[in-house]
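See below for the structure under consideration.
Indexing begins at 1, ligand by ligand and atom by atom, following the structure's order. Along the sequence shown, the residues carry numbers beginning at 1. Only heavy atoms go into these numbers, but all of them, side chains included; no hydrogens, no water, no symmetry mates.
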Amino acid sequence: MGVLNVTPDSFSDGGRWTDPGAAVAHGLQMVAEGADVVDVGGESTRPGAGAVPIDEELRRVLPVVEALAPHVRVSVDTRKAAVAEAAIDAGASLVNDVSASLAPVARAAGAGWVAMHMQGDPRTMQEAPAYDDVVAEVRHFLVERASTAGVEEVWIDPGIGFGKTIEHNLALLRGLPVLAQLGRPLLVGVSRKSFLGRITGRDAADRVAATVAANVVAYGHGARVFRVHDVAAVADGLAVAAATLAAPWRETTTSPTTTT
Ligand code: HH2
């Protein structure tokens with residue numbers, strides 16, 4: 001799943017894709033690099049982010065959804081029912097819902113739904129995240145939301161970085177097998193996130209290698225959807241992980257002419 005933030009203020013790519021033409025070109029580039037889904041978002045959910053008015057979010061998202069939908073599956077990353085509905089009308093078929101509250105919209109439209117766990121809301125979620133057992137609590141939340149949604153296609157997501165300390169994020173990555181056992185497509189969003197900066201000491205733009213490593217670990221622990229900014233690099237990492245861990249390997253790309 002390639003990330004396409006059409007926002008001025010997203011934490012790692014804010015302002016890069018605010019021009020719809022550039023956004024669509026970038027979306028198609030991610031498809032060429034291996035993305036099966038492009039996730040279009042018009043409101044940042046970085047810690048401390050403020051709300052965007054509906055009209056503004058619609059203005060940012062709709063032309064890009066409409067242009068990409070004939071070429072690739074499009075998800076809309078939003079917390080607003082009206083934006084999800086309009087994006088579905090424009091061609092999106094998946095609601096990526098960090099608030100885990102938009103199941104009725106997905107159900108009514110026959111769309112898929114990504115239910116993500118978050119403690120609190122983006123404005124305050126990183127102030128003092130606290131859990132007795134983060135894996136068990138996230139699992140309980142996702143089971144409850146998925147089973148009451150009435151939506152056929154539900155993906156689940158532990159919400160890395162959403163009301164979580166670095167220790168919580170790492171515990172969740174370690175505990176992914178517990179979530180994979182729920183039998184739903186398991187999505188992780190670790191791309192360039194600050195816990196990777198805490199581990200490596202690198203700024204957001206320089207966290208590509210750390211992002212590949214975290215996604216490979218997530219794959220090994222049962223995740224099957226990877227929400228990332230750097231599609232080509234992560235696709236290579238996942239191809240090697242899958243060839244190694246999900247034998248038998250089958251050739252799907254042309255081999256380079258040199259061998260080592
Ligand atoms: N993370 C972000 C946004 N949407 N959706 C899901 N399902 N899972 C995630 O982990 C997730 C998400 C935050 O990352 P990004 O979109 O790069 O930044 P911003 O919220 O600042 O636009």
Side-chain angles (χ1 to χ4, degrees), residues 1-18 23 26-27 30 35 37-52 56-57 60-61 64 73-80 83-84 87 92 94-103 106 111-123 125-126 129 138 141-142 145-146 153-164 168-169 172-173 176 179 184-197 203-205 207-208 210-211 214-215 218 223-231 234:
M1 174 185 271
V3 179
L4 187 51
N5 287 320
V6 288
T7 58
D9 59 343
S10 288
F11 82 93
S12 83
D13 58 352
R16 286 196 68 188
W17 316 117
T18 45
H26 182 58
M30 291 193 291
V37 179
V38 173
D39 187 39
V40 180
E43 178 181 65
S44 172
T45 48
R46 74 184 192 288
V52 174
E56 174 60 14
E57 197 175 328
R60 293 176 185 177
V61 159
V64 178
R73 185 166 195 190
V74 174
S75 60
V76 60
D77 185 353
T78 186
R79 292 180 289 160
K80 298 187 183 76
V83 174
L94 188 61
V95 179
N96 178 22
D97 180 8
V98 303
S99 69
S101 65
L102 300 179
W113 180 54
V114 181
M116 197 199 78
H117 175 275
M118 167 162 52
Q119 187 176 81
D121 68 74
R123 226 169 13 86
M125 65 188 177
Q126 289 308 105
V138 167
F141 174 89
L142 293 174
R145 289 297 161 113
E153 183 187 10
V154 181
W155 301 4
I156 55 172
D157 178 349
I160 298 295
F162 286 84
K164 280 119 190 162
H168 295 142
N169 291 325
L172 282 166
L173 288 177
L176 286 176
L179 304 180
R184 309 262 184 190
L186 176 58
L187 185 156
V188 289
V190 294
S191 191
R192 301 184 185 173
K193 283 189 177 170
S194 64
F195 79 105
L196 299 176
D203 292 338
R207 296 176 190 157
V208 180
T211 295
N215 279 293
R224 288 297 177 267
V225 186
F226 308 88
R227 183 181 181 278
V228 298
H229 303 85
D230 305 288
V231 172
V234 175

Ligand 1 versus [X], non-hydrogen atoms closer than 4.0 Å: side chain, backbone, both, neither?
X: K193; result: side chain
X: T45; result: both
X: D13; result: neither
X: R46; result: both

Give a yes or no answer on whether the side chain of [X] reaches the backbone of [Y] with a donor-acceptor pair at less than 3.5 Å.
X: R46; Y: F11; answer: no
X: K164; Y: F162; answer: yes
X: N96; Y: V114; answer: no
X: D230; Y: V208; answer: no

Side chain or backbone, does [X] bring an N or O within less than 3.5 Å of an N or O on ligand 1?
X: V114; result: no
X: D39; result: no
X: S12; result: no
X: T7; result: no

For P47, all residues meeting side chain to side chain contact (heavy atoms under 4.5 Å, CB included), sequence neighbours excluded: M125, Q126

Nearest-neighbour protein heavy atom for atom 16 (O) of ligand 1, which is reported as residue plus atom name and distance: R227 NH2, 2.8 Å

Which residue and heavy atom of the protein sit nearest atom 4 (N) of ligand 1, plus the separation: D77 OD2, 2.9 Å

Element-labelled atoms of ligand 1 that are located less than 4.0 Å from some non-hydrogen atom of V98: 4 (N), 5 (N), 12 (C)

Element-labelled atoms of ligand 1 that are located less than 4.0 Å from some non-hydrogen atom of H229: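 Near H229, the atoms of ligand 1 are 17 (O).
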
Contact check, W155 vs ligand 1, heavy-atom distance below 4.0 Å: no

